[in-house]
Peer 1: 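Quick one: the structure is below, questions incoming.
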Number of protein chains: 2
Amino acid sequence: MTPTITAFAQSPDRGQGLARDMRVRWALEEVGQPYEVRLVSFQAMKEPGHLARHPFGQIPTYEEGDLVLFESGAIVLHIAERHAGLLPDDANGRARAITWMFAALNTVEPPILDLQTAKFLEGDKPWNLERMTLIRERIRHRLRALSVRLGDADWLDGGFSAGDLMMVHALLRLRLSGILDEFPNLAAYVTRGETRPAYERAFAAQRAVFIGTPPPR
Amino acid sequence: MTPTITAFAQSPDRGQGLARDMRVRWALEEVGQPYEVRLVSFQAMKEPGHLARHPFGQIPTYEEGDLVLFESGAIVLHIAERHAGLLPDDANGRARAITWMFAALNTVEPPILDLQTAKFLEGDKPWNLERMTLIRERIRHRLRALSVRLGDADWLDGGFSAGDLMMVHALLRLRLSGILDEFPNLAAYVTRGETRPAYERAFAAQRAVFIGTPPPR
């Protein structure tokens, strides 16, 4: 059964691939699972039809027969558990890859999202610059630890996994800030993720929505 | 094999159960799995021995034979997948329960943690009060949606699950703020969680560390 995901009808990042549907698209491309996309407007996201699928009125959602899921982390894990390619075969390696998914979402991403919140929701405050500086230091604190752990490995724990997928996507949001370039091994890690063919297909598909042409598939 | 978890040797919340080892203790109590606890000092958390287990130098960690995990979400999911009691039997219900775990950690908890960051790390700033007000409104925004979804149900999706465990624990941190009491059904939901015998045993065990007596088991 072909799953259907939701994505923004109007791309807030102008097709840069930072919206969270990108994580789900990327996972589906990695495992070779075709999917349908239903675009939702900002207005429709707050209406009962969409809220029944996503109680917090966000994207992405994932529908597959009777099953409706939300939260990009949960959706990527669901895909990874049902298809080969995103989790190792051995039980311990699997548990560690899932650990990296949670680390990406709960330890690395929060200060990165804070930077965005400060920029867009508190940008008019006289204290914004001072706060942005504090947040950037919190991001560096996390990235220093991540950089040490990654070392000169290609991926966080053996082969590419759903943990790398989530981590690369969380880090991508830092590119314009310049912080990522302070950690060359992390910058190279992100580039390794972005140049995977599955990432490139997912990126092109979400960008096609912004450009307004049908996705190339 | 009895797993070993790590917890703070010096409880930052004076035994109120807000540290993240509480989530793991609670999950282990729900499934009836005995465990060992190794207490780590703030200094030891930054040393190579602990960093090998937790690259970000935090607690909890989980060790079971050769397997070492970190991130409370990943550990609770690992426990829930290997024991009965924290995930429904049917595949779709399971995926939905896991979705609520991610929702607790990535959608509901971030603004709640922001309130704590603002209080402890930015409390001396002249703009702290203004920012706390912004954060409180962001928390209310999430809680309104959660309150609507919960309605008059006991738990988020059928019976108690690992999703409820994570959500209740994320919400608990709000108690002193007064915000939780603005949503009576969420306040009652948290109370339902806290009065589960497994929660009470876990709470007593972590509190015993603070009080300095051996855990009651």
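Treat the numbers as computed from the prediction; the structure is a model and nothing was measured. Residue numbers begin at 1 in each chain, while the letters A, B, ... track the order of the sequences.
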Peer 1: What's the shortest heavy-atom distance between B:Pro55 and A:Ala145, and which atoms?
Peer 2: O-CB, 3.4 Å

Peer 1: Classify the ring geometry between B:Trp127 and A:Trp127 as parallel (under 30°), tilted (30 to 60°) or perpendicular (over 60°).
Peer 2: parallel

Peer 1: When only pairs under 4.5 Å are counted, which of A:Leu69, A:Leu77, A:Leu146 shares the most heavy-atom pairs with chain B?
Peer 2: A:Leu69

Peer 1: Identify the residues of residues 173-183 of chain A whose heavy atoms come closer than 4.5 Å to a heavy atom of chain B, ordered by number, or report 'none'.
Peer 2: none

Peer 1: Starting from the C-alpha separation in whole Å, work towards a yes-or-no answer on side chain to side chain contact (heavy atoms under 4.5 Å, CB included) for A:Arg131 and B:Lys125.
Peer 2: CA-CA 10 Å; A:Arg131 208 173 105 67; B:Lys125 304 293 180 190; over 6 Å; no

Peer 1: Rounded to the nearest 0.5 Å, what separation is found between the CD1 atom of B:Ile75 and the CD1 atom of A:Ile98?
Peer 2: 12.5 Å

Peer 1: Side chain, backbone, both or neither: which part of B:Arg142 has a non-hydrogen atom closer than 4.5 Å to chain A?
Peer 2: both

Peer 1: Can you confirm whether more than 12 heavy atoms, excluding those of A:Asp89, are under 6.0 Å from its CG atom?
Peer 2: no

Peer 1: Mind running side chain to side chain contact (heavy atoms under 4.5 Å, CB included) on B:Leu121 and A:Leu134 for me, showing each step along the way?
Peer 2: CA-CA 9 Å; B:Leu121 300 182; A:Leu134 290 174; over 6 Å; no

Peer 1: Parallel under 30°, tilted from 30 to 60°, perpendicular over 60°: which one fits the rings of A:Phe102 and B:Phe102?
Peer 2: parallel

Peer 1: Between B:His78 and A:Ala95, which heavy-atom pair has the shortest distance, and what is it?
Peer 2: ND1-CB, 3.8 Å

Peer 1: Could you tell me which residues in residues 103-120 of chain A have at least one non-hydrogen atom under 4.5 Å from a non-hydrogen atom of chain B, sorted by residue number?
Peer 2: A:Ala103, A:Leu105, A:Asn106, A:Thr107, A:Val108, A:Asp114, A:Thr117

Peer 1: Do you know which of A:Glu71, A:Arg94, A:Glu130 has the most heavy-atom pairs under 4.5 Å to chain B?
Peer 2: A:Glu71

Peer 1: With a 4.5 angstrom heavy-atom cut-off, is it the side chain or the backbone of B:Glu81 that approaches chain A, or both, or neither?
Peer 2: side chain

Peer 1: Go through the atoms of B:Arg20 and report whether side chain, backbone, both or neither lie under 4.5 Å from a heavy atom of chain A.
Peer 2: neither

Peer 1: Report yes if some heavy atom in the side chain of A:Arg96 is under 4.5 Å from a heavy atom in the side chain of B:Leu67; otherwise report no.
Peer 2: yes

Peer 1: Of all of B:Met101, B:Glu64, B:Arg138, which one pairs up most often with chain A through heavy atoms under 4.5 Å apart?
Peer 2: B:Arg138

Peer 1: For the backbone of A:Leu51 and the side chain of B:Arg149, can you confirm whether one donor and one acceptor N or O come within less than 3.5 Å of each other?
Peer 2: yes

Peer 1: Would you please go through residues 163-171 of chain A and name the residues with a non-hydrogen atom below 4.5 Å from one of chain B, in numerical order?
Peer 2: none

Peer 1: Can you list everything that forms a side-chain contact (heavy atoms from CB on, under 4.5 Å) with A:Asp124? Sequence neighbours excluded, please.
Peer 2: none

